[in-house]
Undergrad: 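Encoded as structure tokens, here's the structure I'll be asking about.
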Amino acid sequence: MTLSTPLHDEEFHAGRPNERPLTMWGPDFPFSYDHYLQHPAGLGELPQQHHGEEVAVIGAGVAGIVAAYELMKLGLKPVIFEADAIGGRLRTEAFSAAPDVVADLGGMRFPESGRAFYHYVDLLGLETRAFPNPLAEVTPSTVIDLKGEPIFAETPDQLPDFYRDVAQAWKQTMAEDAQIEAIQQAIRERDVATIKSLWNRMVEELDDESFYGFISSSAAFSSRSYSHLETFGQVGFGTGGWDTDFTNSILEVLRVVFTDADDHHRSIVGGAQRLPTGLWRHQPASIRHWPAGTSLSSLHGGTPRGAVRAIQRGAGGGIQITERWGRQQEFAAAVVTCQSWLLSSRIDTAESLFRPEMWTAIEKSHYMLSSKTFVMVDRPFWRDTDPSTGRPLLSMTLTDRLPRATYLLDEGPDRPASILLSYTWNDDALKWLALDAEERTRLMLHSLGKIYPGVDIGSHIVGEPITVSWEADPNFMGAFKNNLPGHYRYQERLFGHFMQQDLPEHMRGIFLAGDDISFTAGWAEGAVTTALNAVWGVIDHLGGHCAAENPGPGDRWEELAPIRLA
């Protein structure tokens, strides 16, 4: 199934009939970015003397490309700096033997609730399809293999009673300890007063609590066996096991659950990187200053500038950028979307650009490790029927063995397909770090052979495997931010940095964006929304404003700002 129409609020309903959909609106900053983007008045306007002025954008991931695209539409000339390829953590790699078969090494599944992200998917007319998460409607079958016992199911109601009881314990915990029904109703209705009241109190009460501490102390899980808690960690909900998140702040998890971000996922046909590269080439129909047919690509002569070596305050009062090989230029403003740790580790950034407490927040960002390994196969052989069981040869697999999660991805019968042999996080990802692609593949096939004895996966593999460990990439050093208990204060500082009216002059004009700046860990929606925050910051910095009928995030800051803990 693919989308035939844009997923606007009025047209798409993820919940019950006639019920407004859950969206990634709030809960920390309940600003309707999707409505802001769709408004015919546009995002704002700048004084004419700034038209054509150059503004730096560091990083060409989703946040950087979105920020640059919107700044271009306002009449500025964004100058994008990128150390590698356009796309950032939306990285798609094609198998050399069959370029039409691709592997999404970073973001690969996008919740339908991410309405700001889908604004750009719809703008580019990208085709999407439902992603085959465990036990999703689009997934033919799922195997859960724990403690050497594989369980086959095509639908959730086919799971053994024990697994359904684990799911019930989680549902009970959310109802009793997290007020999920009231919060989700406030999100559906975009009820600012209610969501602020409920969520702000939750932040105050739960900032010091880990995911594990929250569920292990709940009445639902504490009244059941430890095996229930253990199994929940392995199998989880939505996308699968969540025990690698057990040490993280419960607030990180609740944001995901409340906004339906861990369910109803779609993938972009042809690879997720098509979105940032599509915006790079897109010629907006409505644009100020620049002639029709202008794109980010045309403004850059077809390629972005190189890696950044230093960020300093320039002699003229602007932001001075030094490239890797020495070229320097001063800009009126800069949007920085690279992974925040790079500002102290690989980029010589003037300490005076940020307050000491901001540097603390930057350094305290906690990043998840993540590893993926893909192989291409000659055809989707897993759809063949095993004559001994009458079941498909392979299924989407969750296991406590080394691979942890295996996904089957195909483009139809009798065409080359791909298998995501292993998708792992944190300690599970670290186990693969020292191994090359071939050794990883060999061990993964060995583990899967224990679950599917007699199925020769290797005989179908063609070409070379594709693998990634994001923590080993010097431009990322991790997959995405996911805060630890007690880190809310750091995130609140990072997210609100685009509001610079109270900063001294020498700290203004540089704006942070990206999913690690957002409250929504690991989701492209956070990259998009913080990019829009930064765009508003640049507009304000250069003396511009938003239309009265379409106020921007900064215009509503006093009303909607995240709670500030003592």
Side-chain angles (χ1 to χ4, degrees), residues 7-10 12-39 111-117 170-209 211 214-215 218-220 237-238 249-264 483 488-489 491-492 495-496 499 518-521 523 525-526 529-530 532-533 549-566:
L7 292 178
H8 300 317
D9 286 350
E10 296 78 14
F12 173 73
H13 300 272
R16 295 179 290 274
N18 302 318
E19 183 178 52
R20 292 187 179 182
L22 279 170
T23 61
M24 293 181 76
W25 175 85
D28 297 273
F29 181 63
F31 177 79
S32 295
Y33 290 94
D34 50 346
H35 295 166
Y36 179 52
L37 284 166
Q38 295 162 13
H39 200 284
E112 293 170 342
S113 59
R115 305 307 326 127
F117 175 80
W170 170 244
K171 183 178 180 180
Q172 180 183 339
T173 299
M174 287 292 96
E176 295 177 351
D177 301 318
Q179 304 181 68
I180 188 169
E181 290 188 11
I183 287 181
Q184 288 192 330
Q185 187 60 31
I187 291 173
R188 291 183 191 278
E189 299 295 331
R190 304 206 179 192
D191 180 345
V192 171
T194 299
I195 197 68
K196 294 293 287 182
S197 172
L198 294 173
W199 179 251
N200 288 358
R201 186 164 62 249
M202 204 166 282
V203 170
E204 292 177 315
E205 294 173 354
L206 296 176
D207 176 45
D208 294 330
E209 184 66 271
F211 185 15
F214 179 78
I215 61 172
S218 68
F237 55 88
S249 168
I250 182 58
L251 297 177
E252 297 287 272
V253 176
L254 293 178
R255 292 185 184 100
V256 171
V257 180
F258 290 160
T259 60
D260 211 24
D262 203 52
D263 210 349
H264 301 104
N483 284 332
Y488 173 86
R489 291 169 178 83
Q491 199 62 54
E492 184 266 333
F495 182 84
M499 296 297 297
S518 80
F519 283 101
T520 50
W523 300 109
E525 181 79 357
T529 55
T530 54
L532 297 175
N533 288 349
E549 62 271 29
N550 191 34
D555 300 312
R556 299 195 63 191
W557 182 257
E558 292 300 322
E559 174 192 1
L560 305 177
I563 184 175
R564 177 165 291 182
L565 297 181

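Being a predicted model, the structure only gives us computed values, none of them experimental.
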Undergrad: Looking only at heavy atoms, which two atoms of Gly552 and Tyr36 are closest? And how far apart?
TA: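 For Gly552 versus Tyr36, the nearest heavy atoms are CA-CE1, 3.5 Å.
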Undergrad: Count the heavy atoms of every other residue, nucleotide or ligand shown that sit under 6.0 Å from CZ of Arg201, and state whether that count exceeds 12.
TA: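 Above 12, so yes.
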Undergrad: What residues, two or more places apart in sequence or in another chain, satisfy ring-ring contact (aromatic ring centres under 6.0 Å, His included) together with Phe495?
TA: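 Only Phe29, Phe519 meet the ring-ring contact (aromatic ring centres under 6.0 Å, His included) criterion with Phe495.
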Undergrad: Checking Glu181 side chain against Ala175 main chain: does a donor-acceptor pair fall under 3.5 Å?
TA: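 No.
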Undergrad: Work out which heavy atom in Thr259 is nearest to a heavy atom in Leu22; give both atom names and the distance.
TA: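 In this case the closest contact between Thr259 and Leu22 is O-CB, 4.5 Å.
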Undergrad: Could you pull out the closest heavy-atom pair between Asp177 and Ala219, with the gap in Å?
TA: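 Closest heavy-atom pair between Asp177 and Ala219: OD2-N, 4.2 Å.
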Undergrad: Is there side-chain contact between His35 and Asn550, with at least one heavy-atom pair below 4.5 Å?
TA: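 Not touching, per the 4.5 Å side-chain cut-off.
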Undergrad: So, taking the atom named CE in Met202 and the one named CD1 in Ile250, what distance separates them when rounded to the nearest 0.5 Å?
TA: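 The CD1 atom of Ile250 is 9.5 Å from CE of Met202, to the nearest 0.5 Å.
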Undergrad: So, Arg20 side chain and Gln185 main chain: donor-acceptor pair closer than 3.5 Å or not?
TA: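 Flag not set: sc Arg20 to bb Gln185 has no pair under 3.5 Å.
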Undergrad: Between Glu252 (side chain) and Asn483 (backbone), is there a donor-acceptor pair under 3.5 Å?
TA: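 Pair found, side chain donor or acceptor close to backbone of Asn483.
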Undergrad: Strictly distance-based, threshold 3.5 Å: is any side-chain N or O of Arg255 a donor or acceptor partner for the main-chain N or O of Thr520?
TA: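 Not a single qualifying donor-acceptor pair exists.
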Undergrad: Is the backbone of Ser518 close enough, under 3.5 Å, to the side chain of Gln491 for a donor and an acceptor to pair up by distance?
TA: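 Yes, the answer is positive, given that a donor and an acceptor are paired below the 3.5 Å cut-off.
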Undergrad: Does a sphere of radius 6.0 Å around CD in Glu558 hold more than 12 heavy atoms from other residues, nucleotides or ligands, not counting ones at 6.0 Å or beyond?
TA: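 No, CD of Glu558 has 12 or fewer neighbouring heavy atoms, counting only those of other groups under 6.0 Å.
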Undergrad: Can you list everything that forms a side chain to side chain contact (heavy atoms under 4.5 Å, CB included) with Pro551? Sequence neighbours excluded, please.
TA: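 If we apply the side chain to side chain contact (heavy atoms under 4.5 Å, CB included) test to Pro551, skipping adjacent residues, the hits are Asp555, Arg556.
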Undergrad: What's the spacing between Glu176 CD and Thr173 OG1 if we round to 0.5 Å?
TA: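 Separation between the atoms: 7.0 Å.
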Undergrad: Identify the heavy atoms of Glu492 and Pro562 that sit nearest to each other, and give their distance.
TA: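 Distance-wise, the nearest heavy atoms are CG-CB, 4.2 Å.
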Undergrad: Between atom CH2 of Trp25 and atom OG1 of Thr529, what is the distance when rounded to the nearest 0.5 Å?
TA: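 So the gap between those two atoms works out to 14.0 Å.
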Undergrad: Could you give the distance from OG (Ser113) to CD (Glu525), rounded to the nearest 0.5 Å?
TA: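 Here the rounded value is 7.5 Å.
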Undergrad: Which pair of heavy atoms, one from Gly114 and one from Met24, lies closest together, and at what distance?
TA: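 Heavy-atom minimum between the residues: CA-SD, 3.9 Å.
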Undergrad: Looking only at heavy atoms, what is the nearest atom pair of Val257 and Gln184, with distance?
TA: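 Closest pair (atom of Val257, atom of Gln184, distance): O-NE2, 3.3 Å.
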Undergrad: Find the distance between CG (Asp207) and CG (Leu251) and round it off to the nearest 0.5 Å.
TA: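 Result: 6.0 Å between the selected atoms.
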Undergrad: Hey, does Leu206 have a side-chain heavy atom less than 4.5 Å from the side chain of Tyr488?
TA: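 Not in contact.
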Undergrad: Only one of Thr530, Thr23, Leu532 forms a side chain to side chain contact (heavy atoms under 4.5 Å, CB included) with Tyr33, so which one is it?
TA: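 Looking at Thr530, Thr23, Leu532, the match for Tyr33 under the side chain to side chain contact (heavy atoms under 4.5 Å, CB included) is Leu532.
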Undergrad: Drop me the distance from Ile563's CD1 to Lys196's NZ, to the nearest 0.5 angstrom.
TA: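 With rounding to 0.5 Å, CD1 (Ile563) is 7.5 Å from NZ (Lys196).
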